[in-house]
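Each chain gets a letter, A, B and so on, in the order its sequence line appears, and its residues count up from 1. What you see is a predicted model; the values in this text were computed from it and never measured.
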There are 2 protein chains.
Amino acid sequence: MARTPPGKQPQDPGTPDALPRHARAGKAVTIRDVAKVAGVSPITVSRALNHPELVTPETLERVRAVVSRTGYVPNEIAGSLRSRRSGIVAAVFPQITNSMFVDTIQTLTDCLRQEGYQVLLGLSSYEEREDELIAGIVGRRPEGIYLTGVAHAPETRRRLIASHIPVVEAWDLSPSPIDMLVGFSHEKAGEAMARHLLAKGHREIGLVWGNDLRAGVRRQGLLSVLAENGIHEVPTSLEPAPGMFQRGREGLAELLGSGARVSAVACSSDVLAQGVIAEARDRGIRIPEDIAVMGFGDFDFAAHTSPSLTTIAIEKALIGRLAAQALLARIQGREVPERIVDVGFRLVERGST
Amino acid sequence: MARTPPGKQPQDPGTPDALPRHARAGKAVTIRDVAKVAGVSPITVSRALNHPELVTPETLERVRAVVSRTGYVPNEIAGSLRSRRSGIVAAVFPQITNSMFVDTIQTLTDCLRQEGYQVLLGLSSYEEREDELIAGIVGRRPEGIYLTGVAHAPETRRRLIASHIPVVEAWDLSPSPIDMLVGFSHEKAGEAMARHLLAKGHREIGLVWGNDLRAGVRRQGLLSVLAENGIHEVPTSLEPAPGMFQRGREGLAELLGSGARVSAVACSSDVLAQGVIAEARDRGIRIPEDIAVMGFGDFDFAAHTSPSLTTIAIEKALIGRLAAQALLARIQGREVPERIVDVGFRLVERGST
DNA sequence: CTGTTAGCGCTTTCAT
DNA sequence: ATGAAAGCGCTAACAG
């Protein structure tokens, strides 16, 4: 289609440093073209590019010259097929607009790039079927797979285990990960939120909460501690995921509209908390004097925008780095120090909640 | 290494519905294994999976049964090599933590997934050499490439053009894109900011500005309009990219510390603007009464957190969608409606800046 | 509708 | 240090 018509200039096919004719007609330059022009064998070209130390300086230079002159770009697909190393690591996140995951993605990608790996990005939320996404990914034979969360369909687990590809699950804890794990306990995080609010004297606590899986676990933790302390009525506004800002506004409105009295509102994410705070301001409610607000997770974001928001801070970049290190260790045949890493979380109190 | 020792059970190699022995020793199941067990030829298996309509229902079912029983996952690397279709689209962004790009990535990925394409994510900022990243990408023979921005090294341009891979540049405008383009004019955006501030009566305008490429163009536009209106002194605090929140705080502090009098502060991004607003609040400066603040780009974020921030809104998801459509059209051999699309921007006034 | 043949472009293996 | 042969696993092209 976009092919240029064959050149009209006479071209001696025997001239060693001329491009083979077909290479000038739109087809990609192959290693054999380079080899022919450089007057060596294909394997020598391969070595010159991948293991220059195995080649005489003169040969090396000659090959390099031809490579740059012809614009040869090695076909990594062919290389991958033969060498069984795809140079790819897949990373699956529910969604990227969540702002919760971007730091992890950034760090993960950076760390992997440094070792020559490219990242295949999978976003699973808009397709219900994570399994389908993963099936597609496994077919590309990545050398490692990063997964968000530990809840996967049994067939997904089987598929991944059968694939023998190193897997890191992240952002959560599990006694029986597929392979490796870097995360923290959402239950404990929820408990920590409850304990903090109780310690601050709050007994009338409302929830503005996203209904995703991990948030649900945090809520369990939170509610169980409240229950232990005799608090069983916890007015809750459950927001459809992804828990964005506007949902936070609506959440507080719903709580207050229901007639519930609350001295504190706990949110499943800092974005929701921002919405709650905005709505409160609009209603002349002072934060944290009238209502204390507590968030979760996206500490950087929260720190920036709400000096009065106490939150649970997650080291998102650390998760990415540790995940990358774990995968790289396995890929490169090194010992993995710990198969399961709990990075924990910190409660960051600000604005005397 | 992880190989299980060969099974001890007697296994008649001739039995058609038995797995070939080597398949049970840790090696991946291939199409030939499936073919043998199903009693058909490899190509029939291939067709059953990729073009089921070309195969009898009975054959189809038999193949599918064997596939699911053996856990066969087609090796897309081999398929890609032979068919010359990698099923991959590469997307390059400066960085993902910028929050400016996430909506675009999300939409782009979603649109491409729907057509069966996976996204290879490239983050170019932490490696100075975009060209190296792109060289690595081109070697993987993606069927399309999304690039952020229009400023690329000449050799990158050459490489991309020579590759014949469809390319969309985005987030910017250029009279001579590599191939296709979806963006908007940063110069005009800057001009719009200036005109708005002037219309509001501001003559003492300060800048808190990131020093990345596109921001620089916006600044040019802004300054030129100010100059046309006789304003030549524009106190500026230039922040190293990425322009994060904290930089905004520091930026305002620097402006005020320098003794400049400003009635309005224009920022190169909404995140910076948030920082400026936070710093102002801490200093008891009212926004927008004492100082008006203007931002750029991340409208959703800004809308959520600062009702008093006027900003230039960019339809980030639209950019992703259009870019995906353009690439898909080219990949699928359809006509591309417009090679260059200007999505424009809107000035969103809030809080009577 | 199904099969045979060949080969995508590279790198492994073994030889020199 | 370099090369020849073989083949990774799949699908295009052509039979039948």
> Tell me: CG of B:Leu81 to P of C:dC10, nearest whole Å?
Replying inline: 9 Å
> Is there a donor-acceptor pair closer than 3.5 Å between any side-chain N or O of B:Ser46 and the backbone N or O of B:Pro42?
Replying inline: no
> Does A:Arg84 put a side-chain nitrogen or oxygen below 4.0 Å from OP1 or OP2 of D:dG9?
Replying inline: yes
> By side chain to side chain contact (heavy atoms under 4.5 Å, CB included), which residues pair with B:Ser80, not counting sequence neighbours?
Replying inline: A:Ile77, B:Ser86
> How many Å lie between CD1 on B:Ile77 and C1' on C:dT11, as a whole number?
Replying inline: 14 Å
>> Closer than 3.5 angstrom, by distance alone: can the side chain of A:Glu130 be matched with the main-chain N or O of A:Ala153 as a donor-acceptor pair?
In response: no
>> Whole angstroms only, please: what is the CZ-C1' distance between A:Arg141 and C:dC10?
In response: 18 Å
> Taking CZ from A:Arg32 and C1' from D:dT2, how many angstroms apart are they, rounded to a whole number?
Replying inline: 17 Å
>> Measure CD1/A:Ile43 against P/D:dA6 and give the value in whole Å, please.
In response: 15 Å
>> If you assign each of A:Ser80 and B:Arg47 to its closest nucleotide in DNA chain C, which residue comes earlier from the 5' end?
In response: B:Arg47
> Taking DNA chain D as the partner, which of residues 49-62 of chain B come within under 4.0 angstrom of it by heavy atom?
Replying inline: B:Asn50
> Using a cut-off of less than 4.0 Å, is there contact between a side-chain N or O of A:Ser41 and OP1 or OP2 of D:dT2?
Replying inline: no
> A:Thr104 side chain to A:Gly320 main-chain N or O, any donor-acceptor pair under 3.5 Å?
Replying inline: no
> Is the CZ atom of B:Arg85 crowded by more than 12 outside heavy atoms at less than 6.0 Å?
Replying inline: no
> Nearest-Å distance, CD1 (B:Ile31) to C1' (C:dG3)?
Replying inline: 13 Å
> Taking the inter-plane angle between the rings of A:Phe101 and A:Phe93 on a 0 to 90° scale, is it parallel (under 30°), tilted (30 to 60°) or perpendicular (over 60°)?
Replying inline: tilted
>> Nearest heavy atom decides the nucleotide; on that basis, is B:Ala78 or B:Pro42 closer to the 5' end of DNA chain C?
In response: B:Pro42
> Are any of B:Ser46's side-chain N or O atoms less than 4.0 Å away from OP1 or OP2 of D:dT11?
Replying inline: yes
> If we only count heavy atoms from C-beta on, is the B:Glu115 to B:Ile331 side-chain gap below 4.5 Å?
Replying inline: no
>> What is the distance, to the nearest angstrom, from the CG atom on A:Asn75 to the P atom on D:dC8?
In response: 18 Å
>> Base of D:dG9, side chain of A:Arg82 - is there a donor-acceptor contact under 3.5 Å?
In response: no
